[in-house]
Amino acid sequence: AQRVTQPEKLLSVFKGAPVELKCNYSYSGSPELFWYVQYSRQRLQLLLRHISRESIKGFTADLNKGETSFHLKKPFAQEEDSAMYYCALEGYNQGGKLIFGQGTELSVKP
Amino acid sequence: DVKVTQSSRYLVKRTGEKVFLECVQDMDHENMFWYRQDPGLGLRLIYFSYDVKMKEKGDIPEGYSVSREKKERFSLILESASTNQTSMYLCASSFAGNNEQFFGPGTRLTVL
């Protein structure tokens, strides 16, 4: 079965500290992986996808097929990074249907 | 700028009432989705639609139905609301063949 697991409900770090939000997935083929973010009082939006290999707002994520992980990283957290982060997966030929993880709330303290 | 709008930000209904949640997108997207968002459970797909009059069940369709009579509009219907349907409901849309979904602001439904 396809599944996305985000083991941490809440991650709290101090400003300037490195951040890693964990995401593990279960899928037998080659999925597409995404990170979505929801800032306070804003709508959910795409942060980055693995195929683009971009760095968005200083965040990067590498797909590790051996460990079936897609962790989101940022070397120096900022207070404005505080938000809810969701990892998502699209399996092959799913027509745009995404499977989301449970979400991790990131809190960056001053 | 893609706009996905939802008819209400907050809604309070009584048990047993029929509830309609409306979603409209203005970017001519083929795909539309309804999710519920609950703390600790993430986003769970209720129903989705690939085209007008087409619908498919998601992971938690029980107690819900949908309607897509026009391409830009996707309605979620709770035939007989129950307290366990109290939740945040998110609508999203995307182009066919493009898996980036654009989300609405959400409707927080409370069923008393």
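A note on names: the letters A, B, ... follow the listed sequences, proteins ahead of strands, and every chain is numbered from 1.
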Let me check something: do [X] and [Y] share a hydrophobic cluster, defined by ILVMFWY side-chain heavy atoms less than 4.5 Å apart, either directly or through other members?
X: A:Leu11; Y: A:Trp35; value: yes
X: A:Leu46; Y: A:Phe70; value: no
X: B:Leu45; Y: A:Phe34; value: yes
X: A:Leu89; Y: A:Leu72; value: yes

Side chain, backbone, both or neither: which part of A:Glu32 has an atom under 4.5 Å from a heavy atom of chain B? side chain
Applying a strict 4.5 Å limit to non-hydrogen atoms, the region of A:Arg49 in contact with chain B is side chain
Any residues in residues 98-110 of chain A near chain B, with a heavy-atom distance under 4.5 Å, and which are they? A:Leu98, A:Phe100, A:Gly101, A:Gln102
Within a reach of under 6.0 Å around [atom1] of [X], are more than 12 heavy atoms found that belong to other residues, nucleotides or ligands?
X: B:Arg108; atom1: CZ; answer: no
X: A:Phe76; atom1: CZ; answer: no
X: B:Lys71; atom1: NZ; answer: yes

Which ILVMFWY residues are connected to B:Tyr10, directly or by a chain of links, through side-chain heavy atoms under 4.5 Å apart? none
Under 4.5 Å between side-chain heavy atoms, chaining through other members, with only Ile, Leu, Val, Met, Phe, Trp and Tyr counted: pull out the rest of the cluster around B:Met32, sorted by chain and number. B:Leu11, B:Val19, B:Leu21, B:Trp34, B:Ile46, B:Tyr47, B:Ile60, B:Tyr64, B:Val66, B:Phe74, B:Leu76, B:Leu78, B:Tyr89, B:Leu109, B:Val111
How long is the span from the CD atom in A:Gln38 to the CE atom in B:Met88, to the nearest 0.5 Å? 7.0 Å
Interatomic distance, A:Arg43 atom CZ to B:Lys3 atom NZ [nearest 0.5 angstrom]: 5.0 Å
Heavy-atom pair with the smallest gap, counting every atom of A:Lys97 and B:Phe33: CA-CE2, 4.1 Å
Side chains of B:Gln101 and A:Tyr36: closer than 4.5 Å at any heavy-atom pair? yes
Where does B:Tyr35 contact chain A at under 4.5 Å (heavy atoms): side chain, backbone, both or neither? side chain
Check whether B:Leu43 gets within reach of chain A through its side chain, its backbone, both or neither, counting any heavy atom under 4.5 Å. both
Output a table of donor-acceptor pairs, distance under 3.5 Å, between side-chain atoms of residues 15-23 of chain A and any protein atom two or more places apart or on a different chain; print 'none' if there are none.
| from | atom 1 | to | atom 2 | distance (Å) |
| --- | --- | --- | --- | --- |
| A:Glu20 | OE1 | A:Lys22 | NZ | 2.7 |

Show the numbers, then the answer: is there a side chain to side chain contact (heavy atoms under 4.5 Å, CB included) between A:Tyr86 and B:Gln37? CA-CA 11 Å; A:Tyr86 291 95; B:Gln37 182 183 31; 2.8 Å; yes
